Amino acid sequence: MRCLCLCLAPAIDVTVRMGVWPTDGAIIKDAADTAIPGGKAINVARWLAKRGAQVACGGVLGEDNAALFAREMQQCGIADRFVRVAGATRVNEMFVTPQGAFKVNRSAQFPFGGLEPFGDFTGFDMVIMSGSLPKGWPEDTYRVLALAAKKVGATVVLDTSGAALVEGVKAHPDVIKPNADECAELVGFTPRTPDEFVRATELLRNWSAYPIISDGASGCWFNGTFVPAPKVEVLDTTAAGDTLLAEWCFSRNPRLAVAAGSAACTMPGGTPPAWELVDELSRSVGGERM
C-alpha cells in the first residue's frame, strides 16, 4: 500500500511531566519534557511506516526547525515531500501531572501561497488528509485537494474539524473521522447514546461511504459498529486518534485500530507504542455491537 499523508499544520509536540499540579505563582523545578515532531498526518505516517506501508508525508514546514522533522522521517522510513517556507513550525505542549493534564495547541501561521505544491497525488493508493489548516488558508483547501486525489483514483481519508471539515466533505471522501462533537457540524447534533451514534452514522454517509466516529476513552464507532476501548494508564492522548486511524487504514481491523489508539495514550507525544502492547490490548477489547 502506497500512502501519502498530507500535513498542512505540523507541530513539535512537547510533553511536560510535572510531579504536582501547579498553584498560582508556582515555580516548577522537577519537570521533564520530550519534544517529538508531530501533527496529525505525521503521527499517522509514523504508525503506517512502523506497520510496513510505503509512506510519504507532505505539507509545509518552517525552515527554522525543519531539520528535526527531516531526521524523524528519515529514521522512520517516511519519504519527505514537505515544502519548506520561511519561519518556524509551531510548538504544542501537553502538561501532565498526577492530578490531571491540559494541552496548549497553537495555530499554524504559514502564509498561503497556493495549493499547486501539494496537489500531485500520482502513484498513491491512499491519501490521508489530517489536521487543521494554517490560519488564513482557504476553508475549501481539503475539498480541492481531495477532488484532485480522487481524480487519479486514490482512496481519500479526511480527518479534520470546523470549516475545513464542512467544506472538505463536499468532495465526498471515502473515509471521514470526526469525533462526537465534530459530528454536530455535519449532522446538526452531538451523538451521546448508541441510537444517536447510529443515526449520526447514517447521516454522515451522505458525505462519505465509511464514517468513523471517535468517542474518546469509551471507544469508537466504525460505520455504525461500536468497538469499546480497553483500559490503559493514560500518559498523553496526543496521537491516540491518529494511531487509531492509521491502523484502520493499514489493516481495516476496527479492534486492532482501537487497541492501537489506546496503546498510543501510554506514550509521550506521537511516539508509536510497541506492537506487542497493541496485540495484547486487542485481545482485551470488548465485543463489537451495532
Side-chain angles (χ1 to χ4, degrees), residues 3-17 33-53 55 57 59 61 68-69 71-73 75-78 89-96 101-106 108 128-132 157-161 175 177-179 182 212-220 227 229-251 253-254 256-279 281-282:
C3 301
L4 173 65
C5 299
L6 193 62
C7 191
L8 298 176
I12 296 173
D13 289 318
V14 175
T15 301
V16 181
R17 295 180 296 281
D33 63 85
T34 56
I36 301 171
K40 292 180 70 63
I42 289 178
N43 297 332
V44 170
R46 192 154 34 209
W47 184 255
L48 284 171
K50 182 181 178 73
R51 291 287 274 134
V55 188
C57 200
L61 290 172
L68 184 63
F69 290 85
R71 284 195 300 270
E72 179 74 2
M73 286 184 283
Q75 290 171 2
C76 293
I78 300 168
T89 301
R90 64 182 173 147
V91 176
N92 292 335
E93 295 162 304
M94 171 74 82
F95 295 87
V96 181
F102 66 93
K103 188 174 184 182
V104 178
N105 271 358
R106 296 174 173 84
I128 303 166
M129 303 178 182
S130 297
S132 60
V157 180
L158 179 64
D159 181 13
T160 187
S161 60
V175 181
K177 194 191 79 65
N179 61 31
E182 291 161 355
I212 298 173
I213 308 175
S214 56
D215 191 23
S218 297
C220 191
V227 179
K231 299 299 182 183
V232 297
E233 185 174 344
V234 176
L235 171 63
D236 186 344
T237 61
T238 295
D242 307 324
T243 308
L244 179 153
L245 179 61
E247 178 57 36
W248 185 89
C249 289
F250 183 82
S251 68
N253 185 319
L256 279 177
V258 168
S262 298
C265 292
T266 69
M267 305 297 293
T271 304
W275 172 254
E276 291 76 14
L277 177 58
V278 175
D279 185 47
L281 290 175
S282 71

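Computed from a predicted model, the values in this text were never measured in an experiment.
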Is there a side-chain contact between [X] and [Y], using heavy atoms and a 4.5 Å cut-off?
X	Y	value
Ile36	Met267	no
Thr34	Thr271	no
Trp47	Leu245	no
Lys177	Val157	no
Pro230	Val258	yes

Would you give me the side-chain donor-acceptor pairs under 3.5 Å for residues 9-16, sequence neighbours excluded?
unit_1: Thr15; atom_1: OG1; unit_2: Asp236; atom_2: OD2; d: 2.5
unit_1: Thr15; atom_1: OG1; unit_2: Gly269; atom_2: N; d: 3.2

Looking only at heavy atoms, what is the nearest atom pair of [X] and [Y], with distance?
X	Y	value
Leu48	Cys249	CD2-CB, 4.5 Å
Val278	Pro273	CG2-CG, 4.1 Å
Ser262	Ala229	OG-CB, 3.7 Å
Thr238	Asp242	O-OD2, 3.9 Å
Ala108	Arg90	N-CD, 3.7 Å
Gly131	Lys40	CA-CD, 3.5 Å

Say you draw a straight line from [atom1] of [X] to [atom2] of [Y]; how long is it, rounded to the nearest 0.5 Å?
X	Y	atom1	atom2	answer
Asp159	Ser214	CG	OG	7.5 Å
Leu244	Leu256	CG	CG	10.5 Å
Ile78	Ile42	CD1	CD1	7.5 Å
Cys57	Glu72	SG	CD	11.0 Å
Leu8	Ser132	CG	OG	9.0 Å
Met94	Asn105	CE	CG	8.5 Å

>> Walk me through whether Leu235 and Arg17 qualify under side-chain contact (heavy atoms from CB on, under 4.5 Å).
In response: CA-CA 9 Å; Leu235 171 63; Arg17 295 180 296 281; 3.8 Å; yes
> Can you name the salt bridge (Lys or Arg N to Asp or Glu O under 4.0 Å) partners of Glu182, sequence neighbours left out?
Replying inline: none
>> Run the salt bridge (Lys or Arg N to Asp or Glu O under 4.0 Å) test against Arg106 and tell me which residues pass, sequence neighbours left out.
In response: Glu93
> Is the side chain of Asp215 donor-acceptor paired with the backbone N or O of Ser218 at a distance under 3.5 Å, no angle test?
Replying inline: no
> Can you list the steps and then say if Lys103 with Asn92 is a side-chain contact (heavy atoms from CB on, under 4.5 Å)?
Replying inline: CA-CA 8 Å; Lys103 188 174 184 182; Asn92 292 335; 4.3 Å; yes
